[in-house]
Amino acid sequence: DTGVSQDPRHKITKRGQNVTFRCDPISEHNRLYWYRQTLGQGPEFLTYFQNEAQLEKSRLLSDRFSAERPKGSFSTLEIQRTEQGDSAMYLCASTFGSNTGELFFGEGSRLTVL
Amino acid sequence: GQNIDQPTEMTATEGAIVQINCTYQTSGFNGLFWYQQHAGEAPTFLSYNVLDGLEEKGRFSSFLSRSKGYSYLLLKELQMKDSASYLCAVRVRSNDYKLSFGAGTTVTVRA
């Protein structure tokens, strides 16, 4: 068990470009979450999956954002036509829904849009 | 939306005790979590309270009062490595495990 891993850890892009982030959850975890965190703020919920089904999307997730979890294992988060306001840390978390149900977070993918 | 409030910053001396308060007003409640986040790193789970009272885990304790919408995280015998952001989070519903976070409290431990 290597924990939740995210790739890339850092991404610098120009405004208008598309970016994609990948998350590999802990292997037995069926629930996967994407959060966004900006400096000095707590994580904000974006979307979550149970197995391959995307069950909820935040209003923060504009049409430029799309997330998938095609086989119920890894997930991708794509941002199209990036804007400077998209600059943030994108965190992925997973859980298997134990009694406590704590989320296990990856170290995040930091996006800088120039 | 969910409203979760905690102080922005706290400073304390090595070896001392610090108490981080968190108040919440949410559409539902199914547990309160505390996470620690060092700069540039992932949040890591510290504690979970779903019933009123105190949960103790080594140097860290967490308290919950559901009637008051209030929790605190108590850090004892502070060490330099405890300098971090501490995030209060509420699970609003029982079926999706989604957490709503406060903005975090940055604790600085001074020698």
Side-chain angles (χ1 to χ4, degrees), chain A residues 2-7 9-10 23-26 29-51 53-61 67 88-112, chain B residues 1-9 20 22-24 26-51 55 57 60 62 64 73 84-108:
Chain A
T2 57
V4 179
S5 62
Q6 295 188 242
D7 182 72
R9 294 290 311 280
H10 303 275
C23 171
D24 287 89
I26 295 171
H29 288 184
N30 63 344
R31 291 175 170 85
L32 185 148
Y33 304 78
W34 286 99
Y35 282 82
R36 179 171 67 190
Q37 187 176 27
T38 54
L39 195 63
Q41 298 298 313
E44 296 176 295
F45 170 77
L46 293 178
T47 189
Y48 100 95
F49 294 83
Q50 183 169 335
N51 300 310
Q54 188 174 19
L55 296 187
E56 187 177 347
K57 291 172 61 174
S58 165
R59 284 171 292 180
L60 293 175
L61 217 63
M89 176 74 83
Y90 290 85
L91 291 165
C92 178
S94 68
T95 186
F96 60 87
S98 68
N99 186 38
T100 303
E102 72 266 32
L103 300 186
F104 295 81
F105 282 87
E107 296 204 341
S109 293
R110 180 169 294 285
L111 174 65
T112 302
Chain B
Q2 318 302 338
N3 194 24
I4 300 168
D5 290 319
Q6 49 184 132
T8 304
E9 294 181 343
I20 307 169
C22 171
T23 57
Y24 62 90
T26 54
S27 57
F29 181 83
N30 197 254
L32 188 138
F33 294 76
W34 286 95
Y35 279 79
Q36 179 190 60
Q37 187 178 28
H38 286 100
E41 297 184 10
T44 54
F45 169 73
L46 288 178
S47 69
Y48 165 71
N49 295 70
V50 68
L51 300 176
E55 294 283 341
K57 193 185 292 185
F60 294 179
S62 56
L64 175 68
L73 179 70
S85 178
Y86 291 85
L87 300 163
C88 175
V90 173
R91 187 164 69 208
V92 174
R93 298 189 297 259
S94 62
N95 61 342
D96 63 14
Y97 297 90
K98 183 180 77 174
L99 296 181
S100 297
F101 284 86
T105 299
T106 299
V107 172
T108 302

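Note on naming: letters A, B, ... go to the chains in the order of the sequence lines (proteins, then strands), and numbering restarts at 1 for each one. Because the structure is a prediction, the values reported are computed rather than measured.
Proximity to chain B is limited to the side chain of A:R9, based on heavy atoms less than 4.5 angstrom apart. For a residue to count as touching a neighbouring chain, one of its non-hydrogen atoms must lie under 4.5 Å from one of that chain's; by this rule A:E56 touches chain B with the side chain only. Contact of A:E44 with chain B is not made at all, since no heavy-atom distance falls under 4.5 Å. For B:Q37, the part lying near chain A is the side chain, with the backbone staying farther off; criterion is any non-hydrogen pair under 4.5 Å.
For B:K98 and A:F45, the positive end sits near the middle of the six-membered ring, less than 6.0 Å away and at most 45° from its axis.
Separating the CG atom in A:L32 from the OH atom in B:Y97 is a distance of 15.5 Å, to the nearest 0.5 Å. Put simply, CE on A:M89 and CD on B:E41 are 10.0 Å apart, with the number rounded to the nearest 0.5 Å. To the nearest 0.5 angstrom, A:F105 atom CZ is 8.0 Å from B:L87 atom CG. Taking CG from A:L91 and CZ from B:F101, the interatomic distance works out to 8.5 Å, rounded to the nearest 0.5 Å. Here B:Y48 contributes atom OH and A:E102 contributes atom CD; the two are 9.5 Å apart, rounded to the nearest 0.5 Å.
Shortest non-hydrogen contact noted between A:G106 and B:A42 is O-CB, 3.0 Å.
In terms of modelled atom types and a separation under 3.5 Å, the side chain of B:Y35 and the main chain of A:L103 share a donor-acceptor contact.
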Margin query: One pair to check against side chain to side chain contact (heavy atoms under 4.5 Å, CB included): A:T100 and B:F45. What are the steps and the verdict?
Written below: CA-CA 11 Å; A:T100 303; B:F45 169 73; 4.0 Å; yes
